[in-house]
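In listed order, ligands and their atoms are each counted from 1. Nothing fancy with the numbering, it's 1 onward along the sequence.
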Amino acid sequence: MTDSELTIALSRGSTLFVRQYGRGIPVLCVHGFPLDHSMWRQQWEGLGDQFLFLAPDLAGFGRSILADDTQATDASLESDADDLAELLDRMGHARVVFCGLSMGGYVGWQFWRRHPARVAGFVLCDTRAAADTPEVARGRRVMAERILKEGMEILVEPMLPRLFSNATLTAPDARIFGLIQRMRSCSPLAAARVLMAMANRPDMEALLPTIDLPTLLLCGEEDVITPPAEMQQMAARMPQAKLQRIPSAGHLAPVENAALVNRAIREFLDRLPQP
Ligand code: MLT
């Protein structure tokens, strides 16, 4: 049983933190925006008896460090995907189940495009394959510039009602307050960089039929950012995908309804051949 934290300096200048917990099939869990590895705590605690969770912080988030020469402009999620591949090399994992939430899912598509042999299957939570509309991309670029000048609060406060279900918003517990606190303390440069990278990301919809891998899609019933209807369309286009809707959850289904999410992940991973 592994239970440790590593910090690994990568060749392109960033230093990634990764929490490892459990034993068995390695599951790489990539957080959403602007969160960090700790959003997966209930998954590694609930499922670590059977699966090995590797939960990194992407460059600049949580306890990871951006390369010194990082600029918010020209950012791409491809570089995050390559960071993760190098991290796995350094940890000795050839193949993993790629699990990502929202932005973590966007990174997952790029990981699959650039390192397809390393993906044994996908668990994709509350995410989408489509690129931003020009209007959304423009909004992200404006927000990136504002965050660099004004700090994280201008992003976090308006985002909260869109992240969570009614039940979570009505009775937030210490976990939710902790998560919000980590969003507020996110590095403005890291946030601005990935806002630019998300605005620049390519559309993956045409590639969905070519992703012939066991895939579990999970979506909070009340997710208004990446709604279930959109994820259902993704599932219909992916040869081996199945969507499970998660009640009492908004955009952060693994945090808001961990019991049901964990049951779905366990059933899915139980049926996978060892990578
Ligand atoms: C996330 O949760 O990672 C973000 O909502 C992604 C996005 O802004 O598209």
What about Leu163: any of its N or O atoms under 3.5 Å from an N or O on ligand 1?
no
Would Met103 count as a polar contact of ligand 1, with the cut-off being nitrogen or oxygen pairs under 3.5 Å?
yes
What atoms of ligand 1 come closer than 4.0 angstrom to any heavy atom of Phe33?
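Reading through ligand 1 atom by atom, the close ones are 1 (C), 2 (O), 3 (O).
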Ligand 1 atoms in contact with Gly32 (distance to a heavy atom under 4.0 Å)
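Those atoms are 3 (O).
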Minimum-distance protein heavy atom relative to [atom]:
atom: atom 1 (C) of ligand 1; result: Ser102 OG, 2.9 Å
atom: atom 8 (O) of ligand 1; result: Arg140 NH1, 2.8 Å
atom: atom 5 (O) of ligand 1; result: His251 NE2, 3.3 Å
atom: atom 9 (O) of ligand 1; result: Tyr106 OH, 2.6 Å

Under the rule for side-chain contact (heavy atoms from CB on, under 4.5 Å), what residues qualify as partners of Asp132, not counting sequence neighbours?
Val136, Ala137, Arg140, Ala199, Arg201
Where does the angle between the aromatic ring planes of His115 and Phe111 fall among parallel (under 30°), tilted (30 to 60°) and perpendicular (over 60°)?
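Answer is tilted, since the angle falls between 30° and 60°.
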What class does the angle between the rings of Phe33 and Phe61 fall in, given that below 30° is parallel, 30 to 60° is tilted and above 60° is perpendicular?
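Because their plane-to-plane angle is over 60°, the rings of Phe33 and Phe61 count as perpendicular.
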What verdict does the salt bridge (charged side-chain N to carboxylate O under 4.0 Å, His left out) test give for Arg193 and Asp80, after you've listed the backbone C-alpha separation in whole Å, the side-chain angles of each residue and the deciding distance to 0.1 Å?
CA-CA 11 Å; Arg193 187 190 78 81; Asp80 293 292; 2.7 Å; yes
More than 12 heavy atoms of other residues, nucleotides or ligands under 6.0 Å from CZ of Arg12: is that the case?
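Counting other residues, nucleotides and ligands, CZ of Arg12 exceeds 12 neighbours.
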Who clusters with Leu66? Use side-chain heavy atoms, under 4.5 angstrom, across I, L, V, M, F, W and Y, and order the result by chain and number.
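Besides Leu66, the hydrophobic cluster comprises Leu148, Leu189, listed by chain and residue number.
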